[in-house]
Visitor: 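A single structure is presented below for examination.
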Amino acid sequence: MALAERMEETLSTNSSSVSMRDLVKTYLSAAGEENYAVKHFSLDIQPGKLVTLLGPSGCGKTTTLRMLAGFDIPTSGQIRFGQSDVTFTPPNKRDIGMVFQSYALFPHLTIYENVAYGLQIKKVPKEELKTRVNRVLALMHLEEFKDRLPSQLSGGQQQRVALARAVVTEPKVLLFDEPLSNLDAKLREYMRDELRKLQQRLGITSLYVTHDQAEAMAISDQVVIMTKGVIQQVGSPHEIYTKPVNHFVADFMGKANFLTGKIEGREKDAWIVSLENNRILVKVDRNIPVQVADAVDCVVRPEFFTLDEEGEFTARLTRATYLGTYVEYEAVLGNQDVTFVDYAHHQHGWREAGTDVKLRLNQEAVRIIPARS
Amino acid sequence: MQRGNTGIAFQHQLKTQRTRLKMLSKEPWLLGIIILLFISLFLFSVYPILQVLKLTVYDETGFQFDKVAEVLNAHFFQILWNSLQLGILSAVFGTAIGFVFAFAVTRTQMRGKKFFHLIAMLPIISPPFVMALSMILLFGRNGMISSGLLGIEDSDIYGLTSLVVIQTLGFFPMAYLNLRGVLESIDGALEDASLSLGASRWEVFRTVTFPLALPAIFSSLLLVFIKSIEDFGNPMVIAGDYSTLAVQAYLEITGMYDLKAGAFMAVAILFPSLLAYMIQKYWLSKKSFVTVTGKPSQASKGIGDKRIVWPLFAFCSLLTGSVLLFYGTVAWGAFVKVWGVNYTLTLDHFKYIFTLGLDSVKNSLIMATASTPITALLGMLIAYLIIRKNFVGKKLMEFSTILTFAVPGTVVGIGYVLAFNEKPLLLTGTAAILIIAFTFRNMTVGIEAGSNSLRQVDASIEEASTSLGANSLTTFWRVSLPLMKSAMFSGLVYSFVRSMTSISAVIFLVSVNWNLMTVSILSQVESSRLGVAAAYCLILIFIILIVIGFLELIVNRLGSSKRGAH
Ligand SMILES: Nc1ncnc2c1ncn2[C@@H]1O[C@H](COP(=O)(O)OP(=O)(O)O)[C@@H](O)[C@H]1O
Ligand SMILES: [Mg+2]
């Protein structure tokens with residue numbers, strides 16, 4: 001579907017930058033205490049970019065999104081669209097488009113009326129309204145359904161209606177709250193690619209909420225990892241995967257081994273870290289507050305190890321799981337548990353649990369983070 | 001809660017409320033409507049009741065406690081006891097019968113369920129004293145059964161027994177409707193499970209069905225009790241020397257011009273019924289949720305055992321037979337010359353109404369038609385505000401909407417007379433006071449139905465409308481209201497029926513220019529023109545049936561036009 005390409009001609013963009021400054025949202029608990037749903041949250045979104053909030057359920061993603069939409073008002077802090085302060089602007093005056101997890105289509109209106117709704121509210125002249133709605137419906141391949149009610153459409157079709165309804169008004173900011181979580185896996189991947197293409201072509205500033213890290217990696221310019229209402233790290237998907245700043249981020253974004261080591265010294269711009277009778281060099285990162293003699297955790301992704309007779313580490317396998325594309329091994333290295341994967345098992349077969357193996361570590365990829373206290 | 005936390009909590013609340021107010025001020029129309037609602041709710045729900053309460057202890061010279069002692073004499077307590085006794089008896093009989101009826105209709109494979117259900121609706125949609133009128137026609141001095149069939153002369157049916165019979169027949173449908181939902185929702189699988197464990201039918205009933213229905217049984221008892229003690233029409237017609245509060249209050253005020261004594265009687269109904277209502281609403285309704293665990297189960301077809309079904313069938317037949325007998329008698333009474341003396345068929349009574357008594361029919365129709373859409377729409381709007389909006393004093397709004405519903409009509413009537421008989425709020429004697437009384441008294445059912453249906457609507461549907469640029473009122477009008485269609489329908493029907501049939505409040509508010517049908521019927525009964533009264537009743541029921549059918553048609557039309565389009 002060359003949906004995105006044609007969309008470009010149809011809709012002009014009026015998107016703006018978004019800036020959130022020190023947002024706090026508290027709720028009163030039953031015990032009369034203030035609970036932080038979102039805590040000192042600051043984030044800038046450049047015009048036309050898609051930023052994803054990623055974190056476990058209950059970490060404050062929806063609350064943040066709803067503050068941006070205007071459905072929740074922050075306890076303190078400021079929100080700006082472009083130059084204008086919208087912190088206390090009602091949602092209907094913010095010029096946003098929103099795609100809901102449940103789609104939230106108007107059940108009593110036809111597909112055409114659903115999409116036309118926003119333009120009617122904005123008092124767009126009849127003729128123009130008709131053309132705009134019809135064009136968007138055509139783009140989304142929804143023409144044939146336009147006289148149906150939402151309940152007569154499949155999940156994927158409803159999702160497209162929700163999207164059409166949100167973009168037809170050419171909003172400044174587009175908001176998504178787990179929009180794909182009600183679709184099955186295949187459709188989800190398809191829709192997420194379409195959605196990304198559409199967003200890039202339209203250039204609408206977007207905030208996207210999900211708890212699915214693969215989805216976040218696939219569609220985002222930037223990912224914001226949060227937990228318990230606090231931002232842990234902001235960066236491109238690549239940065240976050242390769243340079244996690246703490247245990248939470250490393251663990252949430254992909255799989256990670258945390259191997260305990262110790263900083264022995266420094267050599268130019270690298271730390272010398274002792275790790276299970278070996279010395280490895282790890283690039284200094286200003287964001288990681290460590291110094292010589294500190295105990296640290298080395299973040300080692302499962303794919304950083306390779307089976308190699310000349311490898312510097314010796315480990316005893318405790319379990320091998322054949323997964324087709326790769327074999328996943330669990331092993332003991334010194335006295336630490338590690339998990340690693342072998343993609344080359346077609347060449348050298350796979351090893352039994354109980355045997356000793358030699359492993360080589362891709363040292364350049366290893367990051368260190370302060371050990372858990 | 002700890003001391004330290006109270007401060008934090010208070011500050012948090014303060015800040016939250018301030019933010020809400022700030023956001024509300026950005027929707028001036030919404031804010032205006034909320035303020036207007038608060039003012040009118042205070043004026044027409046709370047203030048009149050305060051007036052009644054005030055009158056009981058206070059007059060121009062200040063607090064008056066000696067007068068209080070004077071009113072609270074043995075006579076007063078006798079009347080109070082009469083009302084309570086009547087309430088308790090009717091509640092027990094009405095609920096018991098309602099329960100058996102509901103059980104038969106919901107949990108068995110009995111035949112004729114639809115028919116039984118329909119007949120049980122008759123008392124709900126007709127004026128309260130049809131039963132009383134019929135009682136006189138059947139068992140009175142010239143009664144068809146008492147003197148006609150049995151040859152009893154001087155049959156005296158005025159008193160407690162007749163009242164209990166009439167109220168039981170008139171109010172058991174309320175208990176039935178209240179219990180029906182719960183009995184329906186009890187999962188048949190639960191009963192089947194007990195049966196398969198070797199329990200007998202009786203044991204299953206005793207240990208599963210009955211305990212699950214218990215909260216609803218209590219709430220039915222309370223509802224019928226309230227209905228009974230605030231009933232004005234039936235006791236007025238048939239109580240004889242058995243004085244009850246609602247009737248006595250009316251007589252004190254209109255007969256002896258003793259407002260204070262009347263207010264006392266009214267307050268004496270107010271407290272027990274308000275208490276019963278609060279228990280019912282806030283305590284029992286929570287308990288009964290426990291039983292509503294799922295959809296009615298399809299697995300269980302209900303009891304088919306003939307030894308259970310046949311007695312229940314006989315019971316239901318007898319009951320609906322009695323209801324039909326009572327209504328049939330009134331219908332017949334409308335068409336015969338002189339009941340008990342000359343049973344020749346005639347249209348005289350209708351001619352009488354169409355020549356001399358059409359005004360009150362017209363007035364009733366005008367008042368009900370004027371207040372019904374306002375009531376239903378206001379009900380939906382308030383439901384929307386209460387469920388979807390946050391504003392200071394929301395709980396207060398909720399409470400005051402319940403107030404006029406839970407407060408007995410007699411109290412409302414007296415309260416309105418007290419509150420609105422002076423400038424600048426001089427409303428007594430106008431049509432407005434009747435319309436306002438109807439609106440504020442009948443709103444609650446619409447609000448409840450609207451709230452329930454809104455709770456089932458995903459709030460993000462309305463948020464979607466808002467995010468697309470619609471303000472709250474537009475969202476209400478274009479999204480929420482269409483989704484509350486069926487609640488709107490119940491609101492319309494209920495408010496129309498109540499406007500047409502109620503009497504206890506309006507009897508204080510009608511005037512020479514604005515008389516109502518129910519009041520006309522009562523005065524016809526009092527002047528022994530039973531045929532005319534019966535004809536009025538028949539016309540009233542006829543109008544209600546037509547209007548319900550009409551409303552159903554409109555609401556269905558509104559809903560289906562969309563579906564027809566594709
Ligand atoms: N209206 C509310 N009242 C009280 N607590 C709330 C409310 N909304 C959210 N919370 C709390 O705020 C936290 C964050 O919720 P949310 O933003 O919905 O998380 P997420 O979308 O990341 O799953 C949760 O602990 C939740 O319980
Ligand atoms: Mg969420």
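Per chain, numbering begins at 1; letters A, B, ... match sequence-line order. This is a predicted model, so every value here is computed, not measured.
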Visitor: Chain B: which of A:Asn92, A:Ile73, A:Thr75 shares the most heavy-atom pairs with it under 4.5 Å?
Guide: A:Asn92
Visitor: Tell me, for B:Ser465 versus chain A, whether the close heavy atoms (under 4.5 Å) come from the side chain, the backbone, both or neither.
Guide: both
Visitor: Is the number of heavy atoms from other residues, nucleotides or ligands under 6.0 Å of B:Lys389 NZ greater than 12?
Guide: yes
Visitor: Where on B:Arg478 is there a heavy atom nearer than 4.5 Å to chain A: the side chain, the backbone, both, or neither?
Guide: both
Visitor: Which atoms of B:Asn471 are under 4.5 Å from chain A, going by heavy atoms: the side chain, the backbone, both sets, or neither?
Guide: both
Visitor: Could you have a look at A:Lys93, A:Gln120, A:Met98, A:Lys122 and say which one has the most heavy-atom pairs with chain B under 4.5 angstrom?
Guide: A:Gln120
Visitor: Could you check which of A:Ile96, A:Leu105, A:Val99 has the highest count of heavy-atom pairs closer than 4.5 Å to chain B?
Guide: A:Ile96
Visitor: Which answer fits B:Lys22, side chain, backbone, both or neither, if we ask what part of it has an atom under 4.5 Å from a heavy atom of chain A?
Guide: side chain
Visitor: Can you say whether A:Tyr103 sits under 4.5 Å from chain B via the side chain, the backbone, both, or neither, judging by heavy atoms?
Guide: neither
Visitor: Taking all heavy atoms of A:Pro107 and all of B:Leu483, pick out the closest pair and write down the distance.
Guide: CG-CD2, 3.5 Å
Visitor: With the side chain counted from C-beta on, respond yes when B:Ile461 and A:Phe100 share a heavy-atom pair under 4.5 Å apart, and no when they do not.
Guide: no
Visitor: Main chain of A:Gly32, side chain of B:His12: is a donor-acceptor contact present, judged purely on distance under 3.5 Å?
Guide: no
Visitor: Who among A:Arg165, A:Lys146, A:Gln101 has the most heavy-atom pairs with chain B under 4.5 Å?
Guide: A:Arg165
Visitor: Is it the case that more than 12 heavy atoms not belonging to B:Gln13 sit under 6.0 Å from its CD atom?
Guide: yes
Visitor: Kindly check if the number of other-residue, nucleotide or ligand heavy atoms within 6.0 Å of CD (A:Gln83) is above 12?
Guide: no
Visitor: Which distance, rounded to the nearest 0.5 Å, do you find between the OG1 of B:Thr19 and the CZ of A:Phe88?
Guide: 6.0 Å
Visitor: Please check if atom NZ in A:Lys25 has more than 12 non-hydrogen atoms from other residues, nucleotides or ligands closer than 6.0 Å.
Guide: yes
Visitor: Side chain from CB out, backbone as N, CA, C, O: work out which of these in B:Ser467 comes under 4.5 Å of a heavy atom of chain A, or both, or neither.
Guide: both
Visitor: Which atoms form the tightest heavy-atom contact between A:Ala104 and B:Ser460, and what is the distance?
Guide: CB-O, 3.4 Å
Visitor: What I'd like to find out is whether the side chain of A:His108 reaches to under 4.5 Å of the side chain of B:Lys485, using heavy atoms alone.
Guide: no
Visitor: Any side-chain heavy atom of B:Val479 sitting closer than 4.5 Å to one from A:Tyr117?
Guide: yes
